[in-house]
K.L.:
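First, the structure itself, so that you have it in front of you.
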Amino acid sequence: MDKTYQPSSIESKWYQQWESKGYFAPQGSGDPYCIMIPPPNVTGSLHMGHGFQESIMDALIRYHRMQGRNTLWQVGTDHAGIATQMVVERLLDTAGTNRHELGRDKFIDRVWEWKEESGGHITRQLRRLGASPDWSRERFTMDEGFYKSVQEVFIRLYEDKLIYRGKRLVNWDPKLHTAISDLEVVSEEEKGHMWHFRYPLADGSGDLIVATTRPETMLGDTAVAVNPSDERYQALIGKNITLPLTGRDIPIIADDYVDKDFGTGCVKITPAHDFNDYEVGLRHDLPMINVFTDDATLNQSVPEKYRGMDRYVARKEIVADLDELGLLEKVEDHVLKVPRGDRSGVVVEPYLTNQWYVKTETLADAAVKSVENGDINFVPKQYENMYFSWMRDIQDWCISRQLWWGHRIPAWYDDEGKVYVARSEDEVREKYGLDQSIALRQDEDVLDTWFSSGLWTFGTLGWPEETEFLKTFHPTSVLVTGFDIIFFWVARMIMLTLYFRKEIPFHTVYVHGLVRDSHGQKMSKSKGNVLDPIDLIDGIELEALVEKRTSGMQVPKLKAKIEKQTRKEFPDGIAAYGTDALRYTYYSLASTGRDINFDVGRIEGFRNFCNKLWNASNYVFMNTENEDCGQNPADAFELTLADRWIVGRLQQAEAAVIEGLNTYRLDLASQALYDFIWKDYCDWYLELTKPVLWNTDERMEVLRGTRRTLVRVLETTLRLAHPLMPFITEELWQKTKQLACFEGDSIMLARYPQPDEAKVDHAAIADVEWLQAVIVGIRAIRGEMNIAPARQLDVFFCRGNSEDKRRLDENMQFLSKLAQLGSIKWLDNADQAPLSATSLVGHLEIHVPLAGFIDKDAEIARLEKELAKLANETSRLKGKLSNEKFVNNAPTDVVEKERNKLADSESALQKLSEQKEKILAL
RNA sequence: GGGUGGUUAGCUCAGUUGGGAGAGCGACGGCCUUACAAGCCGUAGGUCACAGGUUCGACCCCUGUACCACCCACCA
């Protein structure tokens, strides 16, 4: 066994074995447990957020698998319509061509090629994380089977009148040339202007002043609106305005939508280019004049001068022209929300087009109820409010996209534009009785990616076939996801699953936070603070890291800044920490519902933790291999106090880890495990075995008992830790299992530990706590007096009770070794003790004689510090206990506790001040 | 405008039904003590954002304020 922990040498070895032996597939007859992976983009690569999410899922999966549950982790990838199409279009662009030159079919072939090229990347990275999904069931949202599910859902929703086609105002992305849903629009505040224009009345009797942030849309105005109760404009309602630049006459209408107190109280109405105006237009039956093309340049319906102009060029021209005409009243600076496409980043336009919609009202009602009545639970709970508020105000969902990459909509049109929905052209003809003389063409559009991922929980299990897997694993157990896609994905899954399965998709939604950098900044290429999980596992040289972070950067200044910042933060690059350390870091940071700030310092600490476990195991192996470890039932063994103590502590650790896993508090689970392994097992237990194992006179029964406990506790601890740190535990377990006579091929198939309260020896725990207090007391003197650790001390114990005496007598062996003692003497009378440095354990005094090597002044200083603390504590307790209200109102056990504390601190105060007097008297 | 989360040691974070705050890293001092210097032993460090209130007692419950982050919303 290597002296130090080398993660790279064990990780790939074990992963290959697990996978090739089929350990990830569901097995056994236990209750089903199932998690559906949120399918990552097929052509994507793993980022820190994935790493976090997959690590959480894998811990849950491994834990439940080890509990004997019939466990399925369904894996797969998403075709990610817009994102993937954009990537391939960019590739074509660098190759000097574009998708239109290629044509639809060739372009789609090219995307499939790209998927084949890059599609395995993310799944390989998933394996590096130790993820244990059933790879044999891997699915892709555009594979054949899944397409059948998507088609089925579309057709049935259409037949049930929950999908319809309509011409409406949608969010139009003029760069990508597609409609996008409300959710894909991100509105941020930006600085802009508010222009005030003078619109003349048609009869020449005056004018109105309208304010707008979008001058270029004025060419499509079809009314000016005022509030019906606005006295200023009462007389004008019903009159006409002559719209400047166009010469069109448009009416002045009254509508409650207008806020009297904002601006001039007059609003230009452009129904084809603003969502509010659209509603107003419908109410007043106004014409809708579209002035844009798909590119958001001005179209043929505007005066010739402006045709073909980009919207922002036209804006300038129109403002200048109105100014020229004396119609520009004023321009103000104005901050406004600008809607941009989340993918393209360009300003989206409200645009009139034909699109397909899902009618969401009834679907959403059911989806709300399933959370209200507790069928589905969000963890943490506050996300339910977010879910409710969105669901209760949900809009119809625009599901058609003018893209080529995606599920093509199963709808056909005849020459008159009549629409037919079916699985294929042949089926259309059959279903609707259309012969070959009628020409049909399929709808050009594809479905929103989220429409297909909305079927993920049941589509992956074979629906619409009623497969065994579907029956067994649906509804799934828990969905692990980020809050950012609750609306995009979670809500849609709940709606669609309830409708088609008449059951929920999952019982629990575990919502985790976002992974940020150590200062809480979002990780982004432009900030240059991105960490790659694989680099944390394998390590990366500084130069490679700098190159990675700055590659493809266009702005030299930004590039230089990022390079400088990276060199400063990682002067030696990033060390190879291994998967287990990375995973453990994620778990330790995974507290409820808050974003996590990832600090490389933390991962280093957990790499050290892995190393600690490695070395502890090494110690166990050294002391147990080829030795009698008490596994033969015929041979008697005897447990020491330390053995009985660690077994009890193990039960408590098991309970804490399980509690953490059951409540999705992986931070608490990992903390409990860390403390048990490092503090209890390594710092105390292993040290306590040394005086036993090194004692040449030790009885065989005791040696057997200690070795037995060493290996059995280690073996159980490894199983306890396995879901969190799969690789190192497997490596160590393979060796440990033989020593502990434990059967099984792999730790991942072994049973998860179950705490047994009967194994908790409370008396042993109390005795060890006493022992620890005594040792720490002596160490503190040694530390503060600067006494060399190797120097053996003679100590005296005074004024202890019979319990102290018993504990001392029983633990001489442990005490001498761990505190490095020369001699131990019990004194009935404190006066017999030589002048000493003193520590207290309750009433028991521990004296370390000053003689020769202890600094008198230092001891006085130490005592004074201690006395000051005690005095403070004493007066606080006195004050509290002299408060009648406290004594009368507080529960008696609390009062009693405070009284005992006071007695203790008064006694300590007295003892230590006596001690101080003695030293001073010298 | 409405809503959610956060504010605890120098940094990153825990804190279980209210009974005088913990960890890791960092700092300081001492150690090559036969598993481990990726380690061991010890020490220091906090007005729990602020102001009220409830209570015998508040990091914890209530009200308000400030700041940070996020979500939702149609103000031209």
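Naming: A, B, ... by sequence-line order, numbering from 1 per chain.
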K.L.:
Please report the distance, rounded to the nearest Å, between CG in A/L336 and P in B/C75.
P.N.:
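Going from A/L336 (CG) to B/C75 (P), I get 10 Å.
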K.L.:
For nucleotides B/G46 and B/C11, find the distance between their P atoms and express it as a whole number of Å.
P.N.:
13 Å
K.L.:
For A/F487 and A/P7, find the nucleotide of RNA chain B closest to each by heavy atoms; which residue's nucleotide sits nearer the 5' end?
P.N.:
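The 5'-side residue here is A/P7.
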K.L.:
Quick one: label A/F262 by what it contacts on the DNA or RNA (base, sugar-phosphate, nothing), any heavy atom closer than 4.0 Å.
P.N.:
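It contacts base atoms.
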K.L.:
Is the shortest side-chain N/O distance from A/H334 to OP1 or OP2 of B/A76 below 4.0 Å?
P.N.:
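Yes, because at least one side-chain N or O of A/H334 sits under 4.0 Å from OP1 or OP2 of B/A76.
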K.L.:
Could you check if a side-chain atom of A/T709 sits within less than 4.5 angstrom of a side-chain atom of A/Y685, using non-hydrogen atoms only?
P.N.:
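A side-chain contact exists here, since the closest heavy-atom pair is under 4.5 Å.
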K.L.:
Closer than 4.0 Å, any side-chain N/O of A/N276 to the OP1 or OP2 of B/A76?
P.N.:
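No, no such contact exists.
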K.L.:
Within the structure, does a side-chain N or O atom of A/K612 lie under 4.0 Å from either OP1 or OP2 of B/C40?
P.N.:
yes
K.L.:
Which whole number of Å gives the distance between the P atom of B/G10 and that of B/A44?
P.N.:
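It comes out at 15 Å once rounded to the nearest Å.
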K.L.:
Taking the minimum atom-to-atom distance to the side chain of A/A780, which one of B/G42, B/A76, B/C56 wins?
P.N.:
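For A/A780, the side-chain atoms sit closest to B/G42.
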K.L.:
In whole angstrom, what separates A/Y278's OH from B/C75's P?
P.N.:
20 Å
K.L.:
Does A/W678 place a side-chain N or O at less than 4.0 Å from the phosphate oxygens OP1/OP2 of B/C40?
P.N.:
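Checking B/C40 against A/W678, a side-chain N or O does come within under 4.0 Å of OP1 or OP2.
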K.L.:
What integer number of Å spans the C1' atoms of B/C60 and B/U43?
P.N.:
30 Å
K.L.:
Below 4.0 angstrom from OP1 or OP2 of B/A35, is there any side-chain N or O of A/K690?
P.N.:
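Looking at the OP1 and OP2 atoms of B/A35, one of them is under 4.0 Å from a side-chain N or O of A/K690.
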K.L.:
Rounded to whole angstrom units, what separation is found between the CG atom of A/N786 and the P atom of B/U43?
P.N.:
13 Å
K.L.:
Calculate the interatomic distance between A/I485 atom CD1 and B/C70 atom C1'; express it in whole Å.
P.N.:
16 Å
K.L.:
Could you measure between the two P atoms, the one in B/G57 and the one in B/U65, and give it in whole Å?
P.N.:
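Comparing P positions in B/G57 and B/U65 gives a spacing of 26 Å.
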K.L.:
So, is A/R665 close to the B/G15 phosphate, meaning a side-chain N or O under 4.0 Å from OP1 or OP2?
P.N.:
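Yes, because at least one side-chain N or O of A/R665 sits under 4.0 Å from OP1 or OP2 of B/G15.
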K.L.:
Does the pair A/R707 and A/L693 meet the rule for a side-chain contact (heavy atoms from CB on, under 4.5 Å), with working shown?
P.N.:
CA-CA 8 Å; A/R707 291 198 196 104; A/L693 297 173; 4.1 Å; yes
K.L.:
Would you say a side-chain N or O of A/N889 is under 4.0 Å from OP1 or OP2 of B/C56?
P.N.:
yes
K.L.:
What integer number of Å spans the P atoms of B/G1 and B/G64?
P.N.:
16 Å
K.L.:
Can you check whether A/F621 reaches A/T736 side chain to side chain, under 4.5 Å on heavy atoms?
P.N.:
yes
K.L.:
Tell me if the aromatic rings of A/Y383 and A/F378 count as close, with their centers under 6.0 Å from one another.
P.N.:
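Centroid distance A/Y383-A/F378: not below 6.0 Å, so no.
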K.L.:
By nearest atom, which of the nucleotides B/C41, B/A76, B/C36 is closest to the A/V258 side chain?
P.N.:
B/A76
K.L.:
Measure the shortest side-chain to side-chain distance between A/N171 and A/E184 over non-hydrogen atoms and say whether it is less than 4.5 angstrom.
P.N.:
no
K.L.:
Check whether any side-chain nitrogen or oxygen of A/N597 sits under 4.0 Å from OP1 or OP2 of B/C13, and answer yes or no.
P.N.:
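Checking B/C13 against A/N597, a side-chain N or O does come within under 4.0 Å of OP1 or OP2.
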K.L.:
Between B/A58 and B/C41, how many Å separate the two C1' atoms, rounded to a whole number?
P.N.:
37 Å
K.L.:
Hey, are the side chains of A/L673 and A/Y587 touching, using non-hydrogen atoms and a 4.5 Å cut-off?
P.N.:
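No, their side chains stay 4.5 Å or more apart.
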K.L.:
Which comes earlier along RNA chain B counting from the 5' end, the contact point of A/F598 or that of A/D675, where each point is its nearest nucleotide?
P.N.:
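The residue closer to the strand's 5' end, by nearest nucleotide, is A/F598.
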K.L.:
How long is the line joining CZ of A/F483 and C1' of B/U4, in whole Å?
P.N.:
11 Å
K.L.:
How would you label the contact of A/C682 with the nucleic acid (heavy atoms, under 4.0 Å): base, sugar-phosphate, or nothing?
P.N.:
base
K.L.:
Would you say the base of B/G42 and the side-chain of A/R779 have a donor-acceptor pair closer than 3.5 Å?
P.N.:
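No such pair is found, so the answer is no.
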K.L.:
Taking the P atom of each, how far is B/A27 from B/A66, in whole Å?
P.N.:
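About 39 Å, rounded to a whole number of Å.
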K.L.:
Below the 4.0 Å mark, does B/A14 have OP1 or OP2 next to a side-chain nitrogen or oxygen of A/S591?
P.N.:
yes
K.L.:
In whole Å, what separates the P atom of B/C56 from that of B/C50?
P.N.:
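Taking atom P in both B/C56 and B/C50, they lie 25 Å apart.
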